[in-house]
Amino acid sequence: MTSPDKSVPAGAYTGTAGGNISALQSVTFESAHASVVAGITSAFTGAASGGGSMNAATLRALNAATGAQSSAGNASSTADAAQGSTAANSTVISGLLAGQRAQDGGGSVFSDIFDRADLGPDYATFKVGPVADLVITYGEVGLAQNGDEGTGFVVAVNAARTTKTDDQAVSAVMGTDRSSDLVGAILIARATADLSSFVWAVASRTQVSVGYGTRVNGSFNFTTWATASAPVHTGDTLTLDCVGSTYAVLVNGAPVASATDPGKASPVGPANRHFGFGSQYYWTGLRWSFSFNIAGLSIADLAAPNVSGTGWSLMCLSTSIGAPSGEVRFPANTFDTLRVPASNVTIVDQGRGQVQVTKAGWYAISLAYNLTAAVINGPGCDLWWAPTIAGPWAVLRYGHNATNNVFNTAAAETFTVYLPAGALVCPGYSLNANATITGPNTYFDGAFISY
């Protein structure tokens with residue numbers, strides 16, 4: 001900011017004139033400071049329940065911020081580098097605040113700072129119009145500069161992840177401003193993986209909107225619920241809150257637009273908990289306009305999951321499944337019912353009862369099954385395991401088998417075993433003859449008992 005004669009131009013560091021630092025660096029650190037500093041410890045503590053490493057993500061974001069600041073400080077720095085510094089710093093704060101909100105509500109958090117070459121397989125993209133693809137450049141996602149031939153947009157939905165509850169907060173840090181006066185950056189919440197239903201928010205430099213959308217036979221339909229005038233700049237955090245049937249758009253934590261959906265046009269439930277973002281391009285015939293790049297994405301549950309603790313409960317309610325003789329794992333399609341939602345484990349194959357644990361420790365695991373007809377010298381229960389999802393499977397614990405020509409129509413066992421993180425378990429049986437497993441007293445339950 002120092003001129004060749006080493007004088008400081010008036011207004012260079014203060015005031016509201018275009019081009020000074022206060023206008024360029026629009027991050028409101030004062031408003032975030034109290035919440036971040038007061039809750040930083042609990043924010044990181046809560047990150048462990050969110051299925052992502054907030055410590056690692058934040059460290060990478062801090063490194064990105066430091067690098068961007070160094071670039072902005074070089075004699076050859078440009079306005080783009082300074083915008084990158086602003087956005088990188090804001091990404092750190094946005095991620096911490098998302099973690100704090102999730103911790104306060106007892107939910108989970110997921111953050112993506114786009115520190116890689118491309119979006120990767122977790123994101124499904126949907127394109128409308130003759131526009132380019134989404135690309136990652138210096139930690140920001142936006143439409144590629146080349147290949148945009150006309151007005152359109154691209155939306156990316158994380159098809160691999162969902163929040164654990166219907167109450168979501170989806171936040172994105174606005175990256176480089178690419179003449180975003182005519183189009184806006186897009187946030188997606190309460191979405192299906194194929195975008196057949198979703199809630200959206202859009203922010204340009206001067207305006208935000210929120211509404212509901214559908215995608216039918218490849219065609220998008222948008223319904224606007226509310227629109228409000230609001231200034232948005234590089235480094236600002238745009239948030240779409242979805243709580244019950246109330247929806248709000250916030251800029252740096254301040255509400256700017258809200259709407260209700262009393263008719264529940266937007267469905268909820270496990271299939272509607274995906275999230276994402278998007279970018280737009282507009283061509284007037286004389287000039288172009290790109291929406292803000294996305295410099296960081298954070299998603300937080302705003303409510304605690306219905307089930308606390310760690311465990312699962314699978315049952316066969318009405319299915320009848322043929323069970324060949326031998327000492328083998330349960331056949332496919334045995335367990336037709338998830339009695340309660342699984343918590344902090346992954347149901348890899350519900351029908352066979354294959355469960356992957358995420359926490360290392362001791363587990364109490366019970367299994368039982370009924371047969372439609374009695375078999376002699378048995379039946380018995382076994383617990384099988386695999387160290388990874390790739391296998392190999394082997395018997396971890398053998399159960400009791402009746403002998404001495406005794407006929408039985410059921411078997412049950414409870415095992416206490418230590419499992420490393422990432423291990424899989426499933427039920428097995430021992431039968432001396434072919435039989436048929438049936439419900440409703442066939443189940444496979446497990447609970448984490450380490451503290």
Could you tell me which non-hydrogen atom of [X] sits nearest to which non-hydrogen atom of [Y], and how far apart they are?
| X | Y | value |
| --- | --- | --- |
| Ser266 | Trp225 | CB-CH2, 4.4 Å |
| Ala189 | Leu240 | CB-CD2, 3.8 Å |
| Thr234 | Gly175 | OG1-O, 2.8 Å |
| Ser204 | Val183 | CB-O, 3.4 Å |
| Asp241 | Thr239 | OD1-CG2, 3.3 Å |
| Leu119 | Ala156 | CD1-CB, 4.0 Å |

Under 3.5 Å donor-acceptor, [X] side chain and [Y] backbone:
| X | Y | value |
| --- | --- | --- |
| His274 | Arg161 | yes |
| Asn221 | Gly213 | no |
| Glu327 | Leu431 | no |
| Thr260 | Pro262 | no |
| Ser291 | Gln280 | yes |
| Asp336 | Leu317 | yes |
| Thr224 | Ala226 | no |

Practice item. Kindly assign one of parallel, tilted or perpendicular to the pair Phe153 and Phe222, based on the angle between their ring planes and the thresholds 30° and 60°. Key: perpendicular

Exercise for review: Measure up the Phe275 and Phe110 rings against each other and bin them: parallel (under 30°), tilted (30 to 60°), perpendicular (over 60°).
Suggested key: tilted

Do you see a donor-acceptor pair shorter than 3.5 Å between the side chains of [X] and [Y]?
| X | Y | result |
| --- | --- | --- |
| Thr438 | Ser320 | yes |
| Tyr138 | Asn293 | no |
| Glu413 | Ser366 | no |
| Asp122 | Asn158 | no |

Would you say that [X] contacts [Y] through its side chain, given a criterion of any heavy-atom pair below 4.5 Å between the two side chains?
| X | Y | value |
| --- | --- | --- |
| Leu419 | Phe448 | no |
| Leu297 | Val170 | yes |
| Leu250 | Val256 | no |
| Phe126 | Val157 | yes |
| Ile136 | Asp115 | no |

Exercise for review: Enumerate the residue pairs fulfilling ring pair (Phe, Tyr, Trp, His ring centres under 6.0 Å) with a member in residues 313-360, sequence neighbours excluded, ordered by first and then second residue.
Suggested key: Phe330-Phe335, Phe330-Tyr369, Phe330-Tyr429

Practice item. Step by step, work out the side chain to side chain donor-acceptor pair (under 3.5 Å) result for Asp112 and Tyr123. Key: CA-CA 11 Å; Asp112 194 342; Tyr123 288 93; 2.7 Å; yes

**Study point:** Contacts of type side chain to side chain donor-acceptor pair (under 3.5 Å), residue Arg397, not counting sequence neighbours
**Key:** none

**Study point:** Which residues share a side chain to side chain donor-acceptor pair (under 3.5 Å) with Asp166, sequence neighbours left out
**Key:** Arg273

Practice item. Under the salt bridge (charged side-chain N to carboxylate O under 4.0 Å, His left out) rule, collect the residues that match up with Asp445, sequence neighbours excluded. Key: none

Review point. According to the side-chain hydrogen bond (donor to acceptor under 3.5 Å, both in side chains) rule, which pairs have a member within residues 189-201, sequence neighbours left out?
Key: Asp167-Arg190, Arg190-Tyr247, Thr192-Asp194, Thr192-Ser196, Asp194-Ser196, Ser197-Tyr212

Practice item. For residues 347-365, pull every pair meeting side-chain hydrogen bond (donor to acceptor under 3.5 Å, both in side chains), keeping only residues two or more places apart or in separate chains. Key: Thr310-Lys359

**Study point:** Arg329 bridged to Asp382 by N-O distance under 4.0 Å
**Key:** no

Practice item. Decide if the gap between the ring center of Tyr398 and the ring center of Phe415 is smaller than 6.0 angstrom. Key: no

Practice item. Walk me through it: do Asp261 and Ser245 pass the test side chain to side chain donor-acceptor pair (under 3.5 Å)? Key: CA-CA 5 Å; Asp261 180 24; Ser245 59; over 6 Å; no

